[in-house]
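Counting starts at 1 for both ligands and their atoms, in listed order.
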Amino acid sequence: MKVHKHEVIVVGAGGAGLMAALYASKGGADVAVVSKLYPTRSHTGTAQGGIGAALGNLDDDSPLYHAYDTVKGGDWLADQNAAMVLAEGAIEAVIELEHMGLPFDRTPEGKISQRRFGGHTSEFGKQLVRRACHAADRTGHMILQTLYQQCIKKDVNFFDEFQVVDLLMNQGQAVGVVAIQLGTGDFHIFHGKAVIFASGGWGRCWNVTSNAHSMTGDGAAISLRRGIPMQDMEFFQFHPTGIYKMGILITEGVRGEGGVLINGKGERFMEKYAPSVKDLASRDVVSRAIYDEIKKGNGVKGKDYVYLDVRPETVNRFFAEEGKKDRIDAAYVEKKLPDILDFCRTYLGVDPVHEPMPIQPTAHYAMGGIPTNVRAEVVIDENWTVVPGLYAAGETACVSCHGANRLGTNSLVDLVVFGRISGIRAAEYVRGVDWTPLPADAGKEIEAEFKRIRTSKGKTKPYELRARMQQVMMDNVGVYRTAETLQKAADEIATLRERFLTDISIDDQGYKFNTDLMEAWELGCLLDLAEVTALSALNRTESRGAHSRDDYPKRDDENWLVHTLIYREGHARDPKYTLNTKKKVDRSLEATDPRFAPKVRVY
Ligand SMILES: Cc1cc2nc3c(=O)[nH]c(=O)nc-3n(C[C@H](O)[C@H](O)[C@H](O)COP(=O)(O)OP(=O)(O)OC[C@H]3O[C@@H](n4cnc5c(N)ncnc54)[C@H](O)[C@@H]3O)c2cc1C
C-alpha cells in the first residue's frame, strides 16, 4: 500500500473539515484533507437557513441569550460550557467568514441581515430575536465555497475522492487512516501524528431524510469499531418540514419569514401546542405536533402530511392578527427563498407563492456521535480520558453543545467554532510529539473485509438490506418510540447485520469507481450506527428533546442528566455492547446563574 505522511490528517471536507484544515495549516502543520467527495459537494453546501450569531444587528441580543437558548433547546442535556464556547465563538466566526468574503444578505444600512428561527429568543425566552445570519437560502453553499478558497490559498493538500475505511491506532494513539482511492480502487495509508474526524452525519439510516446519499456515518462507525464509544446516539433530530415522501428539506427560514403550518382542517395548529412561539417552537416540539395532528386524523386529505404555507396573503393575515407591522409580497419571497421555490416547483410542481407545500418530518441531524471535550479532543469515558492524537468536529462529533435537540442554525456555528478549535489544537499537539510508527499489520484487516464483500456469493443485494433497515428505523426509532418498538428494531437490525456479513453479493467486480462495493461497505457503517442508536434509545427510560418515549413520557432530571456512552467489543459478527451512563452533563453556567437550571418546557 502506498503510504502518505502528513502531520495532521483531516477526514472530511465539509464546513468542519475545511475549518480544521485551514487552522491546522495556519498553525504551521503539514495538513492532508482526505475526502470521499469533492470538497464543495459536501452536505454543508446544502444548508439553507442560516448561521446563528448574537450580532444584535436588528434586535438586542447577547451570547448569553444564545447559550441559554441552546441549552434550553437541547432540553438541558447540552454541556453548558460547550454551549457558551459555541455562542461566544459564533460572533467571531461570522465576522471572520464575512472578512473572508462570504456574501451575506445585508440590511439597508449594510450590516449582516438576520432573521428569526425556531427557539432563538432574547432575555431568556422572553421574545423571538433575529439571530440567523444568511446568504439567501444558500448559506451553507457560501460557507463551503468561501472556506475551500481559503484552504487552496493556504496550499492545504487535498486527496479528493479518497474514502477512509479504517482508523489506525498504535500504543493507544491515533496514527493515521486507511483509504481507498475511488478512481483506482487502490488502498492508501495516511500516516499522521493527529487525525481529525469531520466526516458528517448518518441520516441515511432512515428512509425519509433530508440527508444526501453520502451521509452514511463512516467516520463514526470506523471509530466505534476501533473502541471509541458513541455518545447520545438516541438523539437524532427529525426536522418538521421535509417535502412529503421525498424528505428534501424546506428550511425553517420559511417559518422565520412568516410561513405557517396548517392542518387538513385549515387550522394553524401550532397555536395549540406552543401558544407563544407557535410555528417557531423548537424542532422536536413541532415534529411531535405534526405527528399528533396526523394521528388525530387532521392530516391533509386524511393522509400523513400537513401544509407549510408561505403565500404572502396567508403570512400577512397572521402578521396583522398578531399586531406585527411586517408585510411581505411575492417579490420578497422570491428574493429570500429562491432555492426553496425552485425545489418545490421542480420536484413537486407546486409554486409556494401561490400554493401551500405538503410536508412531513424528515430525519435530519445527529446530535450524538464521537464524544469530545471543548478542545475537540476525543474522550472515551466519564472521566474525560483523552485519546492522544484523535480529534472530531462537526456533525460526527458530540461535544455536546446541542444536547438532546439542536437549534436551527447551530450546526453551521458548531462547524466553524469547533472545526477551528480542532485545527488549532491538532497543530499545537503535532508540534510537541514525535512520530509514532504505524501498527505492523496496518491496513490488512480492512483489505480482507473488502475482499470478503467483493467476492461474497450470497443471495441478498445490499440495497435490499438497506431498504429494510431504513424502514425499520423509520417505523420504530422515529419521532415516537417505546421499549417494544426499540427492541424490535434492535433485534431486526442485528439480523440484518448478520445477513450483511454472511449472505450478500454485489454485481460490480471492477476496481475503478466501484460504487456498488463502496455502498455495500457504507451499509455496514449504517447498520452499526442504527444498532447503537436503537440500543441507546432503549436504555434511556425518559423523554427528552428528540427522544420521545410513549412509555416514559416525562423528562426525568433526577436520573437522566447524564450522557449515554455505548461501547462495542468483539467480532463484527457477534459484537458485545456496553452502555455507560455515568458521564454527567456539565452544568457550569447553572452553578453561577440559576436561570440555566432545568425548567419544564413552556412555550
Ligand atoms: C438539507 C440540509 C440543510 C441544512 N441547513 C442547515 C442550516 O441552515 N443551518 C445549520 O446550522 N445547519 C443546517 N444543516 C445541518 C448542517 O448543514 C450539517 O450538520 C453540517 O453541514 C455538517 O457539516 P460537517 O462538516 O460535519 O459534514 P459534511 O458537510 O456532511 O461533510 C462531510 C465530509 O466528510 C467526508 N466523508 C464522509 N465520509 C468519509 C469517508 N469515509 N472518507 C473520507 N471522507 C469522508 C465527505 O466527503 C464530506 O466532505 C442542514 C443539513 C441539511 C442536510
Side-chain angles (χ1 to χ4, degrees), residues 9-21 33-53 86 90 115 117 132-135 137-144 147-148 158-167 177-182 190 196-204 209-212 214-222 237 239 241-243 247-253 256 339-340 343 362-367 369-370 392-397 402 406-416 418-419 422 518 521-522 525:
I9 314 289
V10 181
V11 182
L18 294 180
M19 201 69 179
V33 178
V34 187
S35 176
K36 71 176 177 182
L37 300 174
Y38 186 77
T40 49
R41 292 185 62 221
S42 304
H43 193 73
T44 297
T46 69
Q48 305 167 351
I51 175 165
L86 180 93
R115 64 176 156 218
F117 241 77
C133 312
H134 55 278
D137 53 1
R138 306 185 183 112
T139 314
H141 173 88
M142 298 304 183
I143 291 180
L144 204 55
L147 291 178
Y148 186 49
F158 280 94
F159 292 86
D160 300 335
E161 299 183 335
F162 278 70
Q163 186 153 355
V164 171
V165 289
D166 205 359
L167 166 66
V177 297
V178 185
I180 292 182
Q181 184 174 11
L182 298 176
F190 289 84
I196 304 177
F197 274 112
S199 45
W202 44 92
R204 286 279 150 185
T209 176
S210 66
N211 283 196
S214 59
M215 305 288 280
T216 50
D218 310 358
I222 292 167
Q237 179 171 82
H239 191 294
T241 59
I243 292 183
I248 298 173
L249 192 80
I250 302 293
T251 174
E252 199 168 302
D339 275 5
I340 296 300
F343 295 152
T362 183
H364 184 57
Y365 181 84
M367 269 74 71
I370 304 171
E395 189 169 341
T396 202
H402 310 302
R406 172 177 71 81
L407 283 192
T409 77
N410 264 355
S411 172
L412 293 179
V413 188
D414 178 356
L415 308 183
V416 285
F418 291 102
S422 71
M518 298 318 294
W521 178 78
E522 287 173 346
C525 295

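- Of the options Gly52, Gly419, Gly203, Gly50, the smallest heavy-atom separation from atom 9 (N) of ligand 1 is shown by Gly50.
- Residue contacts with ligand 1 for Asp218 involve side-chain atoms from C-beta outward but no N, CA, C or O (heavy atoms, distance under 4.0 Å).
- Per-residue contacts place Glu395 under 4.0 angstrom from the following atoms of ligand 1 (heavy atoms of the residue considered): 18 (C), 19 (O), 22 (C), 26 (O).
- Which parts of ligand 1 touch Arg406 is read off a 4.0 Å heavy-atom cut-off, strictly below it: atoms 10 (C), 11 (O), 12 (N), 14 (N), 15 (C).
- Near Met215, with a cut-off below 4.0 Å to any heavy atom, the atoms of ligand 1 are 30 (O).
- Here the side chains of Phe117 and Thr251 are in contact, with some heavy-atom distance below 4.5 Å.
- The closest approach between His364 and ligand 1 falls below 4.0 Å for a heavy atom of the residue.
- Put simply, the side chain of Met19 does not reach to within 4.5 Å of the side chain of Leu415, judged on heavy atoms.
- Assignment of Gly15 to the shell around ligand 1 is supported, since a heavy atom sits closer than 4.0 Å.
- Within the 4.0 Å heavy-atom cutoff, Phe162 counts among the residues contacting ligand 1.
- Some N or O of Gln48 is nearer than 3.5 Å to an N or O of ligand 1, by distance alone.
- His43 and Asn211 get closest at one heavy-atom pair: CE1-CA, 3.8 Å.
- For ligand 1, none of its N or O atoms has an N or O atom of Ile222 under 3.5 Å away.
- For atom 34 (O) of ligand 1, the nearest non-hydrogen atom from the set Gly253, Gly12, Ala366 comes from Gly12.
- Under a 4.0 angstrom heavy-atom cut-off, Ala198 registers as being in contact with ligand 1.
- Looking at every heavy atom in both residues, Thr44 comes nearest to Gly15 through OG1-N, 3.0 Å.
- Contact atoms of ligand 1 toward Ala16: 25 (O) (distance under 4.0 Å to a heavy atom of the residue).
- Inclusion of Gly394 in the set of residues having an N or O under 3.5 Å from an N or O of ligand 1 is not warranted.
- Residue Ser210 has at least one heavy-atom neighbour below 4.0 Å for each of these atoms of ligand 1: 1 (C), 53 (C).
- In terms of polar-atom proximity, Asn211 is not counted as a contact of ligand 1, lacking any N or O under 3.5 Å from an N or O of the ligand.
- Contact annotation for Leu415 and ligand 1: only side-chain heavy atoms (C-beta onward) come within less than 4.0 Å of the ligand.
- Residue Thr409 has at least one heavy-atom neighbour below 4.0 Å for each of these atoms of ligand 1: 9 (N), 10 (C), 11 (O).
- Residues Val164 and Ile222 approach most closely at O-CD1, 3.5 Å, considering heavy atoms.
- Counted by atom type alone, Gln163 and Asp218 present one or more donor-acceptor pairs between their side chains at under 3.5 Å.
- To the nearest 0.5 Å, atoms OG (Ser42) and CD1 (Ile143) are separated by 12.5 Å.
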